[in-house]
Amino acid sequence: MSTSTEVQQDTRFFGHPRGLANLFGVEMWERFSYYGMLGILPIYLYYKVEQGGLGLAQESALGIVGAYGGLVYLSAVIGAWVADRLLGSERTLFYSAVLIMIGHVSLAILPGLAGIGVGLVCVAVGSGGLKSNATAIVGTLYADGDERRDAGFTIFYMGVNLGGFVGPLLTGLAQTEVGFHLGFGLAAVGMALGLIQYTLGRKNLGEKAKEVPNPLPASQRMLAVGAAVVLVAVIVTLVLTGVVNPDNLADVVVIVVGVISVIYFLVILTSRKITGDERSRVFSFIPMFIASAVFFSLYQQQFTVVAAYTDQRLNRSLFGWELPVPWVNSINPVFIIVFAPLLAALWTKLGERQPSTPMKFVLGTVLMGAAFLLFLPMVGSGKNASPMLALVGILFVFTIAELCLSPVGLSLSTKLAPEAFRTQMVALNFLSISFGTAMSGKLAEYYSVDDEAPYFSTVGGVAIGVGVLLFLGIPFIRKLMKGVH
């Protein structure tokens with residue numbers, strides 16, 4: 001029996017392979033550092049200098065946050081390519097985790113925009129490499145047709161949210177009591193812990209996680225290195241000359257991600273390395289890609305519009321104490337920690353009778369649009385006057401929508417993936433998140449606390465419309481999926 005078969009038949013982690021525990025842990029600590037940093041990043045950018053911030057205009061600050069989030073998921077493309085062509089998923093994940101830790105250390109110790117530039121680039125590239133490959137390795141833990149797969153991805157997703165819950169609490173408290181740079185320092189410590197536990201458990205992942213599915217010929221490796229050097233030089237030049245700047249960064253990321261997504265689909269669909277059935281399944285992923293991008297355009301506004309809303313419109317007073325702004329980011333992970341196991345158990349119990357993946361995407365997109373419409377009753381209530389309980393309720397709807405779509409999207413990308421493009425299909429899923437996240441920054445530029453109704457009604461209504469269109473297309477999509485449920 002091969003090592004990979006042993007791993008896939010393993011049931012030592014709550015009925016799942018032991019390697020899932022290791023991936024759960026590294027993802028938990030990575031998300032602790034990522035969301036801990038992201039919780040304080042927007043206010044660090046637009047708070048005045050005397051408040052410890054950088055004093056940027058709020059529109060630019062929120063655009064940067066959205067564009068940065070988009071770049072994180074865009075970097076999943078780089079991580080996927082390196083894994084598929086050079087190093088394999090397991091080693092790429094390890095080096096990515098090291099880069100993330102370097103980025104958080106830079107944010108903690110380098111002052112001003114220098115720290116932001118160096119730190120965010122390292123964290124973005126590292127997080128992209130870690131995320132696409134952690135997800136791909138989870139997929140290798142299960143044999144084809146294993147009904148535990150969706151439940152396994154949901155458990156893995158709980159690691160994301162456990163880290164996402166604790167991170168903003170600790171960094172938010174550190175920022176409030178001491179300052180922003182201590183908050184960034186705590187994020188660095190979290191990533192170091194994740195790296196240590198991952199290193200100790202690498203042996204549980206099996207040989208399949210180390211495979212290089214589509215190795216790059218030795219003759220092409222120097223060409224790839226040269227292309228990378230040229231790309232970095234072009235980006236640096238564009239930034240230094242002001243062609244790319246804080247005001248247009250979100251637009252640039254949206255355009256770049258859109259172009260790369262189209263190219264990626266074309267490369268996979270025209271490859272001679274995939275079969276007819278595999279090609280049909282890739283086509284079926286296109287409408288889900290669009291729905292995912294729309295979903296995340298709204299969902300990721302937790303870190304743009306909802307962050308500004310929390311700061312300026314929410315009543316954060318609790319018994320005379322003011323809740324730190326980043327703490328609101330921990331509400332959604334609490335709900336996921338509570339409800340993810342329930343939904344995982346439900347999908348497992350239903351087995352083949354559970355809703356199809358396209359139907360889960362419909363539910364997620366429509367619910368996400370409805371969540372934005374729930375802001376409308378509080379329009380015009382005044383500065384820091386919106387009740388905390390109302391936002392908690394809205395974030396609960398965010399959560400249910402997320403559980404219908406996000407972990408299922410991760411699982412779907414591994415189920416529909418052609419064998420030669422296993423990790424890169426996972427990267428395509430992250431490109432939809434990248435596009436949506438960058439759009440969350442772009443859309444935030446149109447949000448105004450003085451005129452909220454048009455914003456919330458338009459954004460929510462469009463998402464519901466996309467969900468309805470996807471519902472109407474389900475029979476055609478399922479035909480293209482060639483037996484994948």
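- Here side-chain hydrogen bond (donor to acceptor under 3.5 Å, both in side chains) pairs that include residues 181-191, with residues two or more places apart or in two chains, number zero.
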(request) Show your working on side-chain contact (heavy atoms from CB on, under 4.5 Å) between Leu412 and Phe361 and close with a plain yes or no. (result) CA-CA 11 Å; Leu412 178 70; Phe361 269 65; 4.3 Å; yes
Taking distance alone, no hydrogens or angles, what donor-acceptor pairs closer than 3.5 Å link side-chain atoms of residues 99-110 to residues at least two apart or in another chain?
| unit_1 | atom_1 | unit_2 | atom_2 | d |
| --- | --- | --- | --- | --- |
| His104 | NE2 | Ser33 | OG | 3.3 |
| Ser106 | OG | Ile102 | O | 3.0 |

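- Taking the six-membered ring where the residue is Trp, Phe289 and Phe265 present perpendicular rings, their angle passing 60° and hence far from 30°.
- Aromatic rings of Phe32 and Phe165 (six-membered ring for Trp) have centroids beyond the 6.0 Å cut-off, not under it.
- At least one donor-acceptor pair closer than 3.5 Å links the side chain of Ser284 to the backbone N or O of Arg281.
- Close placement of the Tyr44 and Phe180 rings is indicated, their centers lying within 6.0 Å of each other.
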Distance-only donor-acceptor hits, side chain of residues 293-303, under 3.5 Å, sequence neighbours excluded:
| unit_1 | atom_1 | unit_2 | atom_2 | d |
| --- | --- | --- | --- | --- |
| Ser297 | OG | Ala293 | O | 2.8 |
| Tyr299 | OH | Gln302 | NE2 | 3.4 |
| Tyr299 | OH | Asn332 | OD1 | 3.0 |
| Tyr299 | OH | Glu402 | OE1 | 2.7 |
| Tyr299 | OH | Glu402 | OE2 | 3.0 |
| Gln300 | NE2 | Thr437 | OG1 | 3.1 |
| Gln301 | OE1 | Tyr455 | OH | 2.5 |
| Gln301 | NE2 | Ser297 | O | 2.9 |
| Gln301 | NE2 | Tyr455 | OH | 3.3 |
| Gln302 | NE2 | Tyr299 | O | 3.4 |

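- With sequence neighbours excluded, the residues that form a side-chain contact (heavy atoms from CB on, under 4.5 Å) with Ala390 are Met378, Pro387.
- In terms of modelled atom types and a separation under 3.5 Å, the side chain of Ser89 and the main chain of Ile137 share no donor-acceptor contact.
- A distance of 11.0 Å separates CD1 in Ile64 from CG in Leu71, rounded to the nearest 0.5 Å.
- Tyr95 pairs by the side-chain contact (heavy atoms from CB on, under 4.5 Å) definition with Leu87, Arg91, not counting sequence neighbours.
- Scanning both residues, Leu405 and Gly364, for their nearest heavy atoms gives CB-CA, 4.3 Å.
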Can you give me every donor-acceptor pair (side chain of residues 189-196, partner residue at least two apart or in another chain, under 3.5 Å) with its distance?
none

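- Side-chain atoms of Ser75 do not come within 3.5 Å of backbone N or O of Ile78 as any donor-acceptor pair.
- In this structure, the side-chain hydrogen bond (donor to acceptor under 3.5 Å, both in side chains) partners of Ser127, at least two apart in sequence or on a different chain, are Glu30.
- Applying the side-chain contact (heavy atoms from CB on, under 4.5 Å) criterion to Val328, with sequence neighbours excluded, gives Thr310, Leu314, Leu323, Ile331, Leu391, Leu395.
- By the side-chain hydrogen bond (donor to acceptor under 3.5 Å, both in side chains) test, Lys210 is found to be paired with no residue, residues two or more places apart in sequence or in another chain being considered.
- There is a side-chain donor-acceptor pair under 3.5 Å between Lys360 and Gln354.
- Between the Arg31 side chain and the Gly164 main chain, no donor and acceptor come within less than 3.5 Å of each other.
- Ser330 approaches Leu169 most closely through the heavy-atom pair OG-CG, 3.4 Å.
- A donor-acceptor pair is defined here as one N or O able to donate and one able to accept, closer than 3.5 Å; such a pair exists between the side chain of Ser280 and the backbone of Leu480.
- Smallest separation of non-hydrogen atoms from Gly467 and Thr365: N-CG2, 3.9 Å.
- With sequence neighbours excluded, no residue forms a side-chain hydrogen bond (donor to acceptor under 3.5 Å, both in side chains) with Asn22.
- The two residues Pro358 and Ile477 come nearest to each other via the heavy atoms CG-CG2, 3.9 Å.
- In this view, Gln220 and Leu216, Pro217 satisfy the side-chain contact (heavy atoms from CB on, under 4.5 Å) rule, not counting sequence neighbours.
- To the nearest 0.5 Å, atoms CD1 (Ile336) and CG (Leu403) are separated by 5.0 Å.
- Atom CG of Leu389 has 12 or fewer heavy atoms from other residues, nucleotides or ligands within 6.0 Å.
- Not counting sequence neighbours, the partners of Glu27 by the side-chain hydrogen bond (donor to acceptor under 3.5 Å, both in side chains) test are Lys131.
- Between the CZ atom in Arg316 and the CG atom in Asp311 there is a gap of 5.5 Å [rounded to 0.5 Å].
- Between the Ser434 side chain and the Tyr73 main chain, no donor and acceptor come within less than 3.5 Å of each other.
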